[in-house]
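Please read the structure below before turning to the comments.
Note that this is a predicted model, so its numbers are computed, not measured. Every number for a ligand or one of its atoms is a count from 1 in the order of the listing.
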Amino acid sequence: MIEVSDLSQVFVAEDGGKVTALTDVSLDIADNEIVTIVGPSGCGKSTLLRLISGLIKPSGGSVVIDGETVKEPRADMGIVFQAPTLLPWATILDNVLFPLKMMGRLDAKATERAKSLLTMVGLGDFMQHRPRQLSGGMQQRAAICRALVHQPKLILMDEPFGALDALTREQMSIELLRIWNADKKTILFVTHSIPEAVLLGDRVVVMSPRPGRIAEIVTVPLSRPRDFESEEDPEFRRCCNRIRNLIYNPNLTAGARHA
Ligand SMILES: Nc1ncnc2c1ncn2[C@@H]1O[C@H](COP(=O)(O)OP(=O)(O)OP(=O)(O)O)[C@@H](O)[C@H]1O
Ligand SMILES: [Mg+2]
C-alpha cells in the first residue's frame, strides 16, 4: 500500500548550511500493518512521517500510496502529533468533528461515529468540555479520535503518547490496539519507547543517528490480539534486546552480524 523509495531529505539551515536529515530510506508497508519507528533524537523520524504525509516534499526519492505519488496530505489519512493540537475554543466533540467539517462531510452518521469514538476512549462525559478542562492524556485521546473520525485508511502518529505519564501511556497503547483490532487500519507510529514499539508493531524500523537511515527492520513475531501479557513472552524481550543493541551498540552489533 505504501512504497517509500530511496527517500532523502536535506534541509537548508538559516546560515545556508545543509542538514541531511534522511538518506536512502526505502520501506514498503502493507495494508493494515502497524509499523513502529524508533531511533535516537534527531535521526529523522518526524521528517520521515512528514514526508509520507505529504506535508513536506522530499529532496530525493518518492512516497507512493496505492499507486499514487504523494504530493500533498491525502483525505484518507489521519495524523496525530506529539504536541496537543486541539482548538482551545471548541468543545471536545467539535474538535473531533473538525476534519469532517473541513471536508464538508459532516452529517448525523459522522457525529454518531465521533461520539462513539469518544465514548470508547472514556471521554463520553467530556464531549461538551473545552480542551483546557481535560488532562493532557485526555486531550491526546481526543486528538486520536480526531485522527480516526473520517475513517482514514492510514494513520500517522508522531510520538502521540510522548507527553503522557507512564501509566496513561501504557493504557493508551492498549487502547490503540483495541481500536485497531475493532477496525483495522495501516498505522505508522513513531516512539522513543522500545517496549512500546515492540508491543504495538508488526515490524519495528530502527533508525541510525544522523544522517538518518534504516539500521534494521525487526519483525515482531508476537501473536495478536496483544495486551500487557504479551510483554511476558520471551519473543517480546528478544525483540527489545535486539533493538537496544542496535541503538546503543551499533558498531558492535554490525561487527557481530558480519562475524
Ligand atoms: N525544517 C527544518 N529545517 C532545518 N533542519 C531541520 C528541519 N526539520 C528537521 N531538521 C533537522 O533534521 C534532523 C532530523 O529531524 P527530525 O525532527 O526528523 O528528528 P527526530 O528523529 O524526529 O527527532 P526527535 O526524536 O527529537 O523528535 C535534525 O537534525 C533536525 O535539526
Ligand atoms: Mg521527532
Side-chain angles (χ1 to χ4, degrees), residues 2 4-27 29 34-63 65 70-73 77-86 136-137 139-140 143-144 146-147 154-166 168-169 172-173 176 186-201 203-218 240 242-250 253:
I2 306 176
V4 174
S5 311
D6 302 320
L7 210 55
S8 62
Q9 185 65 9
V10 179
F11 290 111
V12 179
E14 274 168 21
D15 63 3
K18 289 182 176 168
V19 179
T20 305
L22 276 189
T23 16
D24 296 334
V25 169
S26 295
L27 173 70
I29 301 166
I34 305 182
V35 171
T36 51
I37 304 173
V38 289
S41 181
C43 74
K45 303 181 294 296
S46 297
T47 303
L48 178 58
L49 231 60
R50 282 159 70 208
L51 287 167
I52 292 174
S53 73
L55 285 168
I56 54 172
K57 290 200 168 56
S59 317
S62 65
V63 178
I65 300 182
V70 173
K71 297 206 169 79
E72 58 190 3
M77 195 169 71
I79 309 180
V80 184
F81 298 98
Q82 175 174 9
T85 50
L86 299 175
Q139 291 186 36
Q140 198 58 308
I144 290 170
R146 183 184 55 187
L154 168 65
I155 307 169
L156 304 173
M157 305 180 98
D158 192 356
E159 296 187 47
F161 310 149
L164 309 182
D165 66 273
T168 314
R169 188 173 181 140
M172 288 296 291
S173 42
L176 180 67
T186 310
I187 300 179
L188 206 55
F189 187 104
V190 170
T191 175
H192 271 134
S193 158
I194 293 172
E196 193 171 272
V198 174
L199 180 66
L200 295 176
R203 290 185 295 155
V204 182
V205 174
V206 185
M207 293 185 59
S208 63
R210 211 151 49 84
R213 52 177 90 233
I214 295 179
E216 192 168 308
I217 300 178
V218 175
C240 288
R242 174 77 193 136
I243 296 165
R244 272 188 204 109
N245 273 330
L246 285 163
I247 290 179
Y248 299 121
N249 252 336
T253 315

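- An N or O contact shorter than 3.5 Å links Cys43 to ligand 1 by distance.
- Phe11 CB, 3.3 Å is the protein heavy atom nearest to atom 4 (C) of ligand 1.
- Of the candidates Ser41, Gly17, Gly39, it is Ser41 that places a heavy atom closest to atom 24 (P) of ligand 1.
- Residue contact check: Ala21 has heavy atoms under 4.0 Å from atoms 12 (O), 13 (C), 14 (C) of ligand 1.
- Polar contact with ligand 1: absent for Val12 (N/O pair, distance under 3.5 Å).
- Contact between His192 and ligand 1 is present, with at least one heavy atom of the residue lying under 4.0 Å from the ligand.
- Between the side chains of Ser193 and Arg169, no donor N or O sits under 3.5 Å from an acceptor N or O.
- In the vicinity of Gly44, heavy-atom distances shorter than 4.0 Å reach the ligand 1 atoms 14 (C), 16 (P), 18 (O), 19 (O), 20 (P), 21 (O).
- If you check which protein heavy atom lies closest to atom 30 (C) of ligand 1, you get Val19 CG1, 4.7 Å.
- Contact analysis leaves Ala13 out of contact with ligand 1, as no non-hydrogen atom separation drops below 4.0 angstrom.
- In this structure the side chain of Val218 reaches within 4.5 angstrom of the side chain of Leu246, judged on heavy atoms.
- The shortest heavy-atom distance from Gln9 to ligand 1 is not under 4.0 Å.
- In summary, the atoms of ligand 1 found under 4.0 Å from a heavy atom of Glu159, numbered by their order in the structure, are 25 (O), 27 (O).
- Among all protein heavy atoms, the one lying closest to atom 17 (O) of ligand 1 is Ser46 CB, 3.7 Å.
- Within a 4.0 Å radius of atom 6 (C) of ligand 1, the protein contributes one or more non-hydrogen atoms.
- Protein heavy atom at the shortest distance from atom 29 (O) of ligand 1 is Arg210 CD, 3.1 Å.
- Put simply, the side chain of Ile194 reaches to within 4.5 Å of the side chain of Arg244, judged on heavy atoms.
- At a cut-off of 2.8 Å, Thr47 is not counted among the residues with an N, O or S atom near the Mg ion (ligand 2).
- The shortest non-hydrogen separation linking Thr20 to Val10 is OG1-CG2, 4.2 Å.
- Rounding to the nearest 0.5 Å places OG1 of Thr186 at 6.0 Å from CG of Leu154.
- Protein heavy atom at the shortest distance from atom 28 (C) of ligand 1 is Gly42 O, 3.8 Å.
- A distance of 5.0 Å separates CG of Leu27 from CD1 of Ile214, quoted to the nearest 0.5 Å.
- No donor-acceptor distance shorter than 3.5 angstrom exists from the side chain of Lys45 to the backbone of Phe189, with no hydrogens or angles considered.
- Under the 4.5 Å side-chain criterion, counting only non-hydrogen atoms from C-beta, Gln9 is not in contact with Val25.
- With hydrogens left out, the protein atom closest to atom 25 (O) of ligand 1 is Lys45 NZ, 2.7 Å, a heavy atom.
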Name each donor-acceptor pair under 3.5 Å that joins a side chain in residues 47-57 to protein atoms two or more places apart or in another chain, with its distance.
residue	atom	partner	partner atom	Å
Ser53	OG	Leu49	O	3.4
Ser53	OG	Arg50	O	2.8
Ser53	OG	Leu55	N	3.2

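- Protein heavy atom closest to atom 15 (O) of ligand 1, with residue, atom name and distance, is Thr47 OG1, 3.7 Å.
- For the pair Ile34/Leu176, no side-chain contact is recorded, criterion being any heavy-atom separation below 4.5 Å from C-beta on.
- Met157 pairs in a side chain to side chain contact (heavy atoms under 4.5 Å, CB included) with only one of the listed residues (Ile144, Ile79, Val190), which is Ile144.
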